[in-house]
Protein chains: 2
Amino acid sequence: MQPTVRDPNPPLTRSVEDYLKAIYHLSSQGGFAATSDIAAMLEVSPPSVSGMVKRLSEMGLIEHVPYRGVQLTSQGRRAALRMIRRHRILELYLTQHLGYDWGGVHDEAERLEHAVSDELIERMASALGQPQYDPHGDPIPTAAGDIEEAELVSLADAHVGTKLELRQVGTQDTARLRYFAEQGLTPGVLLTVSERQPFNGPTTIALVPSGDPRVVGRELAQLLWCQEIGS
Amino acid sequence: MQPTVRDPNPPLTRSVEDYLKAIYHLSSQGGFAATSDIAAMLEVSPPSVSGMVKRLSEMGLIEHVPYRGVQLTSQGRRAALRMIRRHRILELYLTQHLGYDWGGVHDEAERLEHAVSDELIERMASALGQPQYDPHGDPIPTAAGDIEEAELVSLADAHVGTKLELRQVGTQDTARLRYFAEQGLTPGVLLTVSERQPFNGPTTIALVPSGDPRVVGRELAQLLWCQEIGS
DNA sequence: GAAACGCCTTAGTCTATACTAATAGTGAGA
DNA sequence: TCTCACTATTAGTATAGACTAAGGCGTTTC
C-alpha cells in the first residue's frame with residue numbers, strides 16, 4: 001500500500017469522452033471549436049466548458065488558445081475516433097441485429113458507447129462483417145484509428161444533378177443557423193441539386209425523400225458543406 | 001422556466017443501482033444486509049456505505065435499522081430486480097449471440113446493465129425467446145418484476161448423488177469466508193454430493209467440472225446453501 | 001481610436017460519491 | 001455486570017462535474 005499515488009493514466013470518464021467527441025465534430029472542418037459551440041452541442045453552460053477545457057488541456061487531450069477555442073491533440077483525436085467508431089458500430093449493430101430503426105438508434109448508442117468494452121465492439125464489428133459505413137452513410141474509423149476523410153463540397157459548387165448529404169453548416173451565426181434549421185437544412189439531410197441560376201445565382205435543391213424544393217442564395221449555399229452520395 | 005425545482009423522481013444513478021443489487025443479494029436469505037458486507041461486496045469503505053444508506057433511505061428504497069443493517073422496500077426491490085433482469089439477459093445475449101464465454105460475460109454485463117434502455121433489454125429478450133434462466137442457471141426476473149425464488153438446501157442436508165450449485169454462504173465470519181474461498185467454495189460453483197459419513201459426519205463433494213474432492217464438516221456444510229440443478 | 005456588444009473566463013457554490021480519522025453502539029466473554 | 005473487540009456511524013475532506021453571477025478580452029462600429 002503506497003500512500004495514495006494517483007493513477008497517471010486513468011480511464012476517461014463519460015463526460016470527457018463526450019467533450020472529445022463534440023470537439024472532434026466541431027473542429028473537423030479545419031479550425032477551432034468554440035466554447036459556446038461545445039456548450040450548445042453538449043447542452044451545458046459555457047462556464048462548464050471552460051472548466052472542462054482546463055482539465056482536458058492538463059490531460060494533454062486538447063490545445064487551448066484562450067478566447068479562440070480548442071483543437072484536439074493527436075492523443076485526443078485518437079480517443080475521439082475511438083468513441084466515434086464505437087458509436088457507429090453500435091448504431092449499425094442495433095439496426096441490423098436488433099431491429100432498431102434509424103431514428104431510434106442514436107440515443108441508445110450514445111449511452112452504450114461509454115459502457116461497452118473494446119472486445120464487445122470488435123465482436124459486433126465481426127458479426128457485421130467489418131463494416132466501413134454506419135446506417136447514415138458516415139465512415140466508421142478503424143480500430144487502429146484511421147478514418148476516411150469525407151471530401152466535402154459546398155452547395156454553391158456542387159454540380160446540378162448530384163445527390164448530396166448535408167454534413168456541415170459552416171457558420172456559427174445564430175440567425176443563419178436558425179434559418180437553415182427552419183428550412184430543414186440540418187446535417188444528415190439528403191438532397192439533390194435541381195438547378196443553378198447563372199452569374200452566381202441561387203441554387204435550387206430538392207430534399208430527399210420528400211422532394212420539397214428549396215432555393216438557396218449563393219452566400220448561404222457556400223456555407224452548406226455536403227458529401228456526394230455515391231450510391 | 002421555474003426557479004430550480006428538483007425532479008421529484010430522478011433516474012437512479014449507477015451507484016444507487018449497484019447498492020440496490022448488492023443489498024438484494026445480501027438480504028435475499030431472509031435478513032438484513034450488514035454495512036460491512038455491502039462495503040465488501042462493492043469494494044468501498046464502510047463509511048461510504050453509511051452515507052449511501054442514508055440517501056437510499058431518504059429515497060424510500062431501503063429500510064435502515066441503525067447498527068443492524070438494511071432491507072429493501074418494495075420500491076427498492078423492484079429496482080433491484082430490474083437490474084438483475086438486465087444483467088442476466090445481457091449475459092445470456094452476449095454468450096448466445098456474440099460468442100462470449102461464461103467467464104467473460106459478467107464484467108461486460110456489469111457495465112452495460114446501467115446503460116441499456118428497457119427497450120433494448122426487451123429486444124434482446126425477444127431475440128433470445130423470452131428466456132427464464134441465465135447462463136449460470138439463475139432465474140431471470142420478468143419485466144413485471146417477478147422472480148422464481150430458488151429453493152435452497154444446506155449442503156449438510158443435501159442428498160448424496162445430487163448435483164448442486166452453491167448459491168449463498170451463510171456466514172459473515174471472515175475466517176470462514178476466507179477458508180471457503182481457498183477451497184474454491186464460492187457462490188456459483190457447481191458440485192455433486194459424493195458421500196456423507198454417518199452420525200452427523202462430514203460430507204464429501206466433488207467440484208464440477210474439475211472433479212476435485214472436498215471434505216466438509218457438518219458445521220461448515222450447514223453454512224453452504226445450494227440449489228439443486230435440475231438438468 | 002474609443003465605445004459597445006458579445007463571447008470567454010474566473011469566482012464561488014452545489015451535489016454525488018468517495019475517502020480517512022475519530023467516536024459511538026453492541027454483544028460476547030470474564 | 002463490566003469490559004473489550006468489533007462494527008457502524010459521524011465528522012471532515014477531496015474530486016468531478018455542473019451551475020449562476022460577475023468581470024475581462026476582442027471585434028465591430030462609428
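Convention: sequence-line order gives letters A, B, ...; per-chain numbering from 1.
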Original post:
What is the distance, rounded to the nearest whole Å, between atom CD1 of A:I38 and atom P of C:dC8?
Top reply: 9 Å
**OP:** Calculate the interatomic distance between B:L56 atom CG and C:dA18 atom P; express it in whole Å.
**Re:** 10 Å
Original post:
Counting any heavy atom closer than 4.0 Å, what does A:S50 reach on the DNA or RNA strands: base, sugar-phosphate only, or nothing?
Top reply: base
Original post:
B:F32 has an atom CZ; how far is it from atom P of C:dT26, in whole Å?
Top reply: 13 Å
**OP:** Using whole Å, report how far CD of A:E58 lies from P of D:dG17.
**Re:** 12 Å
Original post:
Nearest to the side chain of A:S48, which nucleotide is it out of D:dA18, C:dT17, C:dC19?
Top reply: D:dA18
Original post:
A:S45 near the nucleic acid: base, sugar-phosphate alone, or nothing, with a heavy-atom cut-off under 4.0 Å?
Top reply: base
Original post:
What is the distance from CD of A:E17 to C1' of D:dA16, rounded to the nearest Å?
Top reply: 14 Å
**OP:** Return the value, rounded to whole Å, for the distance between atom OH of B:Y67 and atom C1' of D:dT7.
**Re:** 9 Å
Original post:
What nucleotide, of C:dA18, C:dT10, D:dA18, holds the atom closest to the side chain of A:V44?
Top reply: D:dA18
**OP:** Compare the minimum distances between each of C:dA18, C:dG25, D:dT20 and the side chain of A:P47, then state the nucleotide with the smallest one.
**Re:** D:dT20
Subject >> Carboxylate-amine/guanidinium proximity below 4.0 Å for A:R68 and A:E63 >> reply: no
Original post:
Of the candidate nucleotides D:dT9, D:dA16, C:dT17, which contains the atom at the shortest distance from the side chain of B:T13?
Top reply: C:dT17
**OP:** Compare the minimum distances between each of C:dA16, C:dT9, D:dA8 and the side chain of B:S36, then state the nucleotide with the smallest one.
**Re:** D:dA8
Original post:
Nearest 0.5 Å, what's the CE-OH distance between A:M83 and A:Y19?
Top reply: 15.0 Å
Original post:
Can you tell me how far C1' of D:dG17 sits from CG of A:L20, to the nearest Å?
Top reply: 15 Å
Original post:
Of the nucleotides D:dA18, C:dA18, C:dC8, which one has an atom closest to the side chain of A:T35?
Top reply: C:dC8
Original post:
Considering only C:dT9, C:dA21, C:dT17, which nucleotide approaches the side chain of B:S15 most closely?
Top reply: C:dT17
**OP:** Please check the phosphate of D:dA8 (OP1 and OP2 only) for any side-chain N or O of B:H64 closer than 4.0 Å.
**Re:** no
Original post:
Heavy atoms, side chains only, cut-off 4.5 Å: are B:E165 and B:L191 in contact?
Top reply: no
Original post:
What nucleic acid atoms does A:R55 come within less than 4.0 Å of, heavy atoms only: base, sugar-phosphate, or nothing?
Top reply: base
Original post:
When the distance from NZ of A:K54 to P of D:dA18 is rounded to whole Å, what number comes out?
Top reply: 15 Å
Original post:
Would you say A:Y19 reaches D:dA16's phosphate, i.e. side-chain N/O to OP1/OP2 under 4.0 Å?
Top reply: no
**OP:** Among B:L98, B:L92, B:T95, B:L112, find the one that has a side-chain contact (heavy atoms from CB on, under 4.5 Å) with B:V105.
**Re:** B:T95
Original post:
Does a donor on one side chain and an acceptor on the other come within less than 3.5 Å for A:S154 and A:D157?
Top reply: yes
